[in-house]
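I have placed the structure first, in the form of structure tokens, so that the comments after it can refer back to it.
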Amino acid sequence: MRIKIIKLSVVGIAMGLAIGSAMGVGVYTFVYAKGYSYMTNDPQNCANCHIMNEQYDGWQKSSHKNVATCNDCHTPHDLLGKYATKASNGFWHSYYFTTNSFHEPIQLTERSREITEQSCRYCHQGMVDAISVSLQKEHTEEVSCIRCHRSVGHLH
Amino acid sequence: LTNIMERKNEARNPFFRVVELTDDTTDPEIWGKNFPLQFDGYKKTVDQTRTRFGGSEASHKTPTDADPRSIVAQSRLEEDPRLKTMWDGYAFAVDFREERGHAFMLDDQVFTERQNVVKQPGSCINCHASAYATYKKLGNGDIALGFQELNKLPYFEARKEITHPVACIDCHDSQTMALRITRPAFMTGIKAYKASQGVENYDVNRDATRQEMRSFVCGQCHVEYYFKGADKQLTYPWEKGLKVENILAYYDEVKHKDWTHKQTGAEVLKAQHPEFELFNQGIHSRAGVACADCHMPYKREGAMKISDHHVRSPLLNISQSCQTCHSTSESELKFRAESIQERTFNMRNLAMNALVQLIEDLKVLKEAGATDLELAPARDFQRKAQFYLDFIEAENSMGFHAPAEAVRILGESIDFTRQGQLALRETKSFQTGQLR
Amino acid sequence: LTNIMERKNEARNPFFRVVELTDDTTDPEIWGKNFPLQFDGYKKTVDQTRTRFGGSEASHKTPTDADPRSIVAQSRLEEDPRLKTMWDGYAFAVDFREERGHAFMLDDQVFTERQNVVKQPGSCINCHASAYATYKKLGNGDIALGFQELNKLPYFEARKEITHPVACIDCHDSQTMALRITRPAFMTGIKAYKASQGVENYDVNRDATRQEMRSFVCGQCHVEYYFKGADKQLTYPWEKGLKVENILAYYDEVKHKDWTHKQTGAEVLKAQHPEFELFNQGIHSRAGVACADCHMPYKREGAMKISDHHVRSPLLNISQSCQTCHSTSESELKFRAESIQERTFNMRNLAMNALVQLIEDLKVLKEAGATDLELAPARDFQRKAQFYLDFIEAENSMGFHAPAEAVRILGESIDFTRQGQLALRETKSFQTGQLR
Ligand SMILES: [Ca+2]
Ligand SMILES: [Ca+2]
């Protein structure tokens with residue numbers, strides 16, 4: 001936990017500089033509205049925000065309930081990236097949550113989409129090696145997993 | 001992140017080379033040594049199973065020297081004799097069958113009775129065989145040139161130059177296995193189409209996304225076409241766009257006709273398998289779905305998943321073809337697809353009945369000595385109506401690829417037909433009681 | 001996607017009884033005390049915003065004693081004068097406007113100039129007002145009876161019996177807030193329809209699922225209808241099914257006509273807002289999507305999700321209305337909806353041009369003294385063609401509710417029209433040169 005906090009505050013400060021006034025609100029919720037839930041892996045904590053209930057309910061009905069948590073799919077699988085992302089998600093979602101200024105229905109940001117795509121491969125590399133890339137072709141493009149498997153994590 | 005991805009890809013070596021493949025390896029059996037699973041699927045295209053409107057039915061025939069095939073697909077002409085009237089005077093009125101799997105493409109072309117009716121050009125080969133190596137040979141490495149040479153040959157001369165139906169090399173780069181467009185006719189066609197959309201000098205192998213390639217490889221053959229000029233150059237009429245009205249406008253402009261209708265004297269057109277064109281007007285293509293998504297769905301083979309190379313009707317494989325995207329039962333998906341097809345089929349029949357009436361009217365007045373001047377307007381309506389109807393009749397999904405567009409086209413076909421009949425009733429010959 | 005709906009439907013919200021509601025509380029303001037959020041939405045239906053094919057445009061007029069409205073919706077007759085020809089001799093040719101929000105339903109009905117053309121019956125009220133309490137009153141507690149009585153009254157007598165446009169009580173049970181069907185015409189209609197599907201004595205309030213109710217409450221009014229017999233009983237023509245051909249067959253059987261066409265003498269029909277019927281032929285309804293999913297999407301109000309009672313065009317609220325199910329951009333969804341509507345609109349115009357020609361032909365021959373016997377076949381084709389065209393013209397989604405079905409119906413309309421024109425050309429009067 002200790003280490004996490006440190007990592008977090010580093011990111012936090014970096015953001016503070018970048019976002020200035022937004023910071024106040026963000027940190028407020030981050031602490032009091034359990035934004036720090038992002039630092040844990042228990043999906044229940046994500047559902048601390050009613051806004052996440054839909055995904056939480058969906059997740060419990062999904063094929064991945066027993067095999068993948070929210071963070072398995074929504075945070076990178078390398079340690080630094082993981083907590084950086086958690087901090088940033090935690091910070092921003094706290095911010096949005098409080099200011100209520102976000103697009104509904106909630107959609108993945110481009111960055112999280114990439115993260116999620118990679119997370120599929122993290123677990124399913126073996127299964128999808130053959131199809132993943134048309135090999136060494138110039139400007140290689142990955143197949144998008146979620147184009148077809150949109151609902152594996154939580155039914156859509 | 002992209003860098004991460006790229007690094008991963010370099011690291012990855014997803015297949016073990018048992019044999020070295022070169023850009024001249026045509027025989028799929030050899031490719032199959034490196035990719036046995038895909039090869040197994042590829043070979044399965046000999047299966048014949050019928051669906052409500054697709055697949056194909058194996059009907060037996062006694063082999064002859066002229067046509068050694070002991071099994072063919074059912075005859076569409078026997079299923080619906082009105083087609084003979086629509087195509088009267090053209091080779092299709094003699095022999096037209098339900099299409100079947102890729103494995104048969106070469107034989108079915110060689111032995112169709114249409115070969116006996118007219119001398120066919122080498123251009124036919126482009127879509128019925130593994131022609132890539134042949135292009136290179138005839139063009140000394142220049143496939144565009146080789147393509148032109150192949151088109152110029154008489155069919156049976158050209159036939160000698162090739163051995164396999166469509167094979168791995170026609171869709172894949174032998175070194176990377178990446179999809180690749182090998183058909184010059186498509187390169188030119190899609191370039192002209194993109195230009196009509198404001199995209200200048202489009203190079204498909206350079207500019208297409210991977211997802212687009214999953215449709216384009218099919219669009220090399222599953223398209224409307226004609227043979228341009230004396231050199232019979234295979235051409236896709238997409239300069240003005242992919243919609244039926246764009247294509248007709250193109251043919252009108254270049255004054256192309258496929259034949260002169262035997263009963264009416266109208267200069268008419270035959271549409272052929274415009275799957276790619278119709279598909280492009282549908283919701284699925286708007287949503288970025290590709291031919292391969294439905295016709296070559298991923299299938300699980302042990303610890304791997306691969307593209308099912310048993311290219312066939314998705315309705316024979318709904319769970320893999322549809323259910324990953326549509327979370328509902330197989331029977332429900334089958335029902336949805338078939339009710340779309342049912343609706344298209346009914347409209348097609350209305351349109352065809354109407355067309356047969358117009359042809360009859362024209363015939364009677366012509367025989368009664370009506371002048372070409374009198375008949376001209378009605379004949380042009382026949383040309384229009386027939387092309388619109390055939391655009392859906394010849395398209396092989398019975399409307400599924402673009403449900404509303406298919407019905408729209410048939411509705412307009414009916415309008416053209418009826419206007420043709422009305423035009424006839426304005427003629428002197430009609431006034432003087434020739435239709436009764 | 002069904003999962004979404006299940007989950008969404010679980011969205012429960014606390015409900016604080018500020019006031020006691022009874023089965024006789026009609027005034028929405030009172031209900032609003034318990035449900036302020038829904039009431040706020042409900043009041044918003046006064047908004048007027050135009051979309052490419054829907055919504056409505058606020059056009060100003062100078063209030064008169066006869067019609068005190070200072071703002072009305074744009075006139076459809078001015079937008080498209082062909083409608084006057086199609087409806088010649090019927091009240092709709094005098095005044096027909098784009099429909100707007102629920103808040104206006106009562107006034108728009110009272111003040112339409114159609115009221116001045118014919119004496120309208122009380123039956124009109126059923127769909128333009130909060131009639132539930134009135135049924136109870138006129139029937140001494142028996143709504144079926146009250147309904148019959150209301151229908152029998154002259155319009156302005158009936159008008160005295162009611163105060164509000166559609167209100168909470170017309171869709172909700174005052175104690176449980178559950179959806180409930182209050183319109184006897186729908187109870188009877190849906191029962192007859194279900195019977196045609198082999199489901200005997202269907203009781204909608206007993207047998208309908210919650211998801212079905214989310215469409216049925218709308219289906220109480222957004223449907224094709226006619227007034228049966230001398231008692232003007234409001235009736236939904238669903239005995240043979242909900243498709244356009246089923247409904248026409250029903251009208252032919254009971255020999256119903258709405259009016260006799262002024263120019264042609266044909267006994268014709270007017271279709272009116274068959275949203276429910278057309279919607280039932282579409283993919284969305286097959287997929288279990290309900291009217292309320294798109295027209296009353298859930299929206300977040302603080303901690304809870306409520307149904308947006310600002311009933312309106314979903315294209316004014318794409319994120320809530322569509323993106324819950326379709327994970328693509330708003331602009332893309334708008335494009336998809338509008339290209340479906342564009343296609344329908346073009347076919348509608350083809351069909352209407354054709355119909356106007358048929359009417360012209362009939363008129364000329366009639367004036368030239370053609371006999372009823374000669375004109376009979378063409379007149380029947382007009383009846384058919386006109387009903388089919390109007391079925392889509394009067395339907396308010398411009399084909400969106402069932403894209404392929406809408407185009408199919410328009411295509412058949414064209415076929416009927418043209419056959420009518422052909423029939424005329426078989427007549428003696430035509431032979432003797434009357435159309436030239
Ligand atoms: Ca077939
Ligand atoms: Ca409107």
Side-chain angles (χ1 to χ4, degrees), chain B residues 243 245 281-283 286-288 325-329 332-333 335-337 339-348 350-351 353-354 357-358 361 388 399-400 402-427 430-433 435-436, chain C residues 1-4 243 245 281-283 286-288 326-328 332-333 335-337 339-344 346-348 350-351 353-354 357-358 361 388 399-400 402-426 430-433 435-436:
Chain B
K243 291 188 175 173
E245 55 267 40
Q281 309 312 318
I283 280 289
R286 261 322 279 193
C325 296
H326 298 285
S327 54
T328 176
S329 72
E332 171 61 19
L333 284 159
F335 177 91
R336 288 186 197 171
S339 33
I340 287 167
Q341 295 180 306
E342 203 70 59
R343 182 185 285 115
T344 314
F345 185 64
N346 294 338
M347 277 298 270
R348 163 198 178 271
L350 284 183
N353 288 337
Q357 289 169 19
L358 171 60
D361 287 355
Y388 273 53
F400 178 85
E405 177 71 353
V407 178
R408 190 273 295 189
I409 291 170
L410 291 168
E412 291 199 35
S413 170
I414 294 175
D415 197 20
F416 290 135
T417 300
R418 298 305 191 186
Q419 289 184 58
Q421 289 182 282
L422 286 166
L424 287 178
R425 283 149 177 81
E426 301 302 324
T427 61
F430 177 82
Q431 310 306 337
T432 52
L435 270 188
R436 272 144 290 107
Chain C
L1 280 159
T2 24
N3 310 311
I4 281 199
K243 291 190 177 170
E245 54 268 41
Q281 309 313 317
I283 281 289
R286 260 322 281 194
H326 298 285
S327 63
T328 177
E332 171 62 17
L333 284 159
F335 177 91
R336 287 185 198 173
S339 33
I340 287 166
Q341 295 180 306
E342 204 70 59
R343 182 185 285 117
T344 313
N346 294 338
M347 276 299 270
R348 162 199 178 274
L350 283 183
N353 288 338
Q357 289 169 19
L358 171 60
D361 288 355
Y388 273 53
F400 178 84
E405 177 72 353
V407 177
R408 190 272 297 188
I409 291 170
L410 291 168
E412 290 199 35
S413 170
I414 294 175
D415 197 19
F416 290 137
T417 301
R418 299 305 191 188
Q419 287 184 59
Q421 289 182 282
L422 287 168
L424 287 177
R425 283 148 177 82
E426 301 302 325
F430 176 82
Q431 310 309 335
T432 54
L435 270 189
R436 268 146 290 102

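Per chain, numbering begins at 1; letters A, B, ... match sequence-line order.
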* Let me know if B:A287 has heavy atoms under 4.5 Å from chain C in its side chain, its backbone, both or neither. =>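 For B:A287, the contact with chain C is made by backbone and side chain together.
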* Examine whether an atom of B:L422 lies under 4.5 Å from a heavy atom of chain C, and if so say whether it belongs to the side chain, the backbone or both; otherwise answer neither. =>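 It is both, since atoms from each part get that close.
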* Please determine, among C:R286, C:E412, C:E405, the option with the most heavy-atom pairs under 4.5 Å with chain B. =>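 Highest number of heavy-atom pairs under 4.5 Å: C:R286.
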* Atom pair CG (B:D415) and CD1 (C:I414), whose distance is rounded to the nearest 0.5 Å ->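 Here the rounded value is 4.5 Å.
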* Among B:R408, B:E332, B:R343, single out the residue with the greatest number of heavy-atom pairs under 4.5 Å to chain C. =>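 Top count of heavy-atom pairs under 4.5 Å with chain C: B:R343.
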* Examine whether an atom of C:R336 lies under 4.5 Å from a heavy atom of chain B, and if so say whether it belongs to the side chain, the backbone or both; otherwise answer neither. =>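 Side chain only.
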* **Residue part contacting chain B, namely of C:L410, when any heavy atom lies under 4.5 Å** =>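 For C:L410, no heavy atom lies under 4.5 Å from chain B.
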